[in-house]
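We're numbering straight along the sequence, starting at 1.
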Amino acid sequence: MLIAGVVLILVAVGAVFYARHERGKARTATMTETLSCGDVATLSKGVADEVGGGNFTQRCEAVGKAQAGPQGLVDAPESKVDAVWVRTKVTHKYWEMVTTTRDGKSHRTRQEREDVVSDNTSIAPFGLSDDTGTVLVHPDGADIDQPERVVDRFEQANQVQQDGGGFLATLLRSTNDSGTLGFQREEWVIRPGTALYVQGEVADRTGALVFAKPQDKGAFLVSTRSEEEIVAGSEKAAKLAAIGAVVAGVVGVVLLIAGAVTA
């Protein structure tokens, strides 16, 4: 009971911090100034006229639609769909024999494991466009919230072997084939025309107006949800976490007391 009580207390503490994080996320979204792409351009021009280009920095949020950046669309290797941003992930799933000791005896059991063998995200800038203009978004380091999942496919080991070539077949030959279950392929994209909410720091350091990861520790969020949906979701998560923290904390304390009494 003592161990269970300690675990629940730790869970409660973790839930408190999570609730605080989600409340902060909702508060930041609510308090951050909303600017149109045209507003950003106007403010940038005013700073450039005053002190020269490359000196404009503004923490804000903007809403618009995704469009291809200066380098065009990015490659979506799994789905082959048109995209301005893509993340591709491959997870190796396998089993291994694990020895455990119970009642003074050793037991061997088969347990399923998984390792991420490839997780690639595009960082090419893309456009955020509204009726007043366009601002670039450099997604490196951004929290990409709820992109569209276009691939979620499991390939069994024998299927990979039959294909005979490619990255997964090479990887399979370098692992213990007998333990391999297969590979989970996943891909997420942001397509051109997708409505986006962007919160971060926009600056003209490179000569163009670009949303990028703030130089301080501020948030950098690119979301397919609206601000209202983000705030509502964070407030709900914070409320549930707070309730969980209270329940886990109370039960944890009860178990600690009971364990101390019976010890």
Side-chain angles (χ1 to χ4, degrees), residues 21-22 24-44 56-89 119-152 186-206 208-215 218-237:
H21 168 75
E22 289 298 320
K25 196 165 144 183
R27 185 167 56 252
T28 299
T30 302
M31 296 178 62
T32 302
E33 182 180 12
T34 303
L35 298 176
S36 69
C37 294
D39 291 336
V40 172
T42 299
L43 290 172
S44 173
F56 173 71
T57 301
Q58 178 73 38
R59 292 296 303 275
C60 63
E61 59 190 23
V63 177
K65 292 186 176 181
Q67 66 176 38
Q71 302 172 28
L73 299 174
V74 297
D75 178 43
E78 296 289 339
S79 63
K80 306 300 181 185
V81 302
D82 289 344
V84 302
W85 175 89
V86 60
R87 177 189 175 196
T88 304
K89 180 180 177 182
D119 192 349
N120 299 311
T121 302
S122 66
I123 59 172
F126 58 84
L128 179 73
S129 180
D130 62 17
D131 293 338
T132 66
T134 300
V135 176
L136 292 178
V137 178
H138 194 300
D140 189 19
D143 175 9
I144 307 293
D145 177 50
Q146 295 195 10
E148 178 186 1
R149 187 197 295 264
V150 290
V151 173
D152 187 7
E186 298 173 276
E187 188 169 87
W188 300 262
V189 301
I190 296 176
R191 302 181 193 242
T194 301
L196 294 178
Y197 165 88
V198 179
Q199 178 195 124
E201 181 180 272
V202 62
D204 65 349
R205 300 183 190 94
T206 62
L209 286 170
V210 183
F211 266 105
K213 187 174 182 178
Q215 293 189 322
F220 182 28
L221 177 66
V222 177
S223 178
T224 61
R225 296 186 293 166
S226 67
E227 179 181 344
E228 293 73 21
E229 290 172 323
I230 291 169
V231 171
S234 291
E235 289 178 344
K236 181 179 179 180

For the backbone of Ser36 and the side chain of Asp130, can you confirm whether one donor and one acceptor N or O come within less than 3.5 Å of each other? no

Stepwise side-chain contact (heavy atoms from CB on, under 4.5 Å) test for Thr57 and Gln215: CA-CA 10 Å; Thr57 301; Gln215 293 189 322; over 6 Å; no

With rounding to the nearest 0.5 angstrom, report the CH2 to CH2 distance, Trp188 to Trp85. 8.0 Å

Ser129: side-chain hydrogen bond (donor to acceptor under 3.5 Å, both in side chains) partners, not counting sequence neighbours: Thr134

Would you check, one step at a time, whether the test side-chain contact (heavy atoms from CB on, under 4.5 Å) holds for Thr206 with Leu136? CA-CA 11 Å; Thr206 62; Leu136 292 178; over 6 Å; no

What pairs of donor and acceptor atoms, side-chain ones from residues 190-202 against any protein atom, are under 3.5 angstrom apart with sequence neighbours left out?
unit_1: Arg191; atom_1: NE; unit_2: Glu148; atom_2: OE1; d: 2.7
unit_1: Arg191; atom_1: NE; unit_2: Glu148; atom_2: OE2; d: 3.4
unit_1: Arg191; atom_1: NH2; unit_2: Glu148; atom_2: OE2; d: 3.1
unit_1: Thr194; atom_1: OG1; unit_2: Arg191; atom_2: N; d: 3.4
unit_1: Thr194; atom_1: OG1; unit_2: Arg191; atom_2: O; d: 2.8
unit_1: Tyr197; atom_1: OH; unit_2: Glu61; atom_2: OE1; d: 2.4
unit_1: Tyr197; atom_1: OH; unit_2: Gln199; atom_2: NE2; d: 2.9
unit_1: Glu201; atom_1: OE2; unit_2: Arg205; atom_2: NH2; d: 2.9

Minimum heavy-atom distance Lys213-Asp140, with the two atoms named: CB-O, 4.1 Å

Going through the distances and angles, do Leu209 and Phe56 end up as a side-chain contact (heavy atoms from CB on, under 4.5 Å)? CA-CA 9 Å; Leu209 286 170; Phe56 173 71; 3.9 Å; yes

Determine whether a donor-acceptor pair (N or O, by modelled atom type, separation under 3.5 Å) exists between the side chain of Glu78 and the backbone of Glu187. no

Closest heavy-atom pair and its distance - Pro70, Pro125: CD-O, 4.0 Å

Assess the residue pair Asp39 and Thr42 against the criterion (side-chain hydrogen bond (donor to acceptor under 3.5 Å, both in side chains)); give the C-alpha distance rounded to whole Å, side-chain angles, the decisive distance to 0.1 Å, and a yes or no. CA-CA 5 Å; Asp39 291 336; Thr42 299; 5.5 Å; no

Taking every non-hydrogen atom, the tightest pair across Phe220 and Pro214: CB-CD, 3.7 Å

If you round to the nearest 0.5 Å, how far is OG1 of Thr30 from CD of Glu228? 9.0 Å

Test your reading of the model: is there a side-chain donor-acceptor pair from Ser223 to the backbone of Arg225, 3.5 Å cut-off? yes

Heavy-atom check, side chain of Val84 versus side chain of Leu73, under 4.5 Å: yes

Gln67 CD to Phe126 CZ distance, which is reported to the nearest 0.5 Å: 10.5 Å

Please report the interatomic distance NZ(Lys65) to CG(Leu128), rounded to the nearest 0.5 Å. 11.5 Å

Nearest heavy-atom pair of Pro139 and Ala124: which atoms, and what distance? CD-O, 3.6 Å

Hey, could you give me the CG/CZ distance between Leu35 and Arg59, rounded to the nearest 0.5 Å? 12.5 Å

Taking the side chain from Ser44 and the backbone from Val40, do they hold a donor-acceptor pair closer than 3.5 Å? no

What distance separates Leu221 CG from Ile144 CD1, expressed to the nearest 0.5 Å? 8.0 Å

Answer yes or no: is there a donor N or O on one side and an acceptor on the other, between the side chain of Ser122 and the main chain of Val86, under 3.5 Å? yes

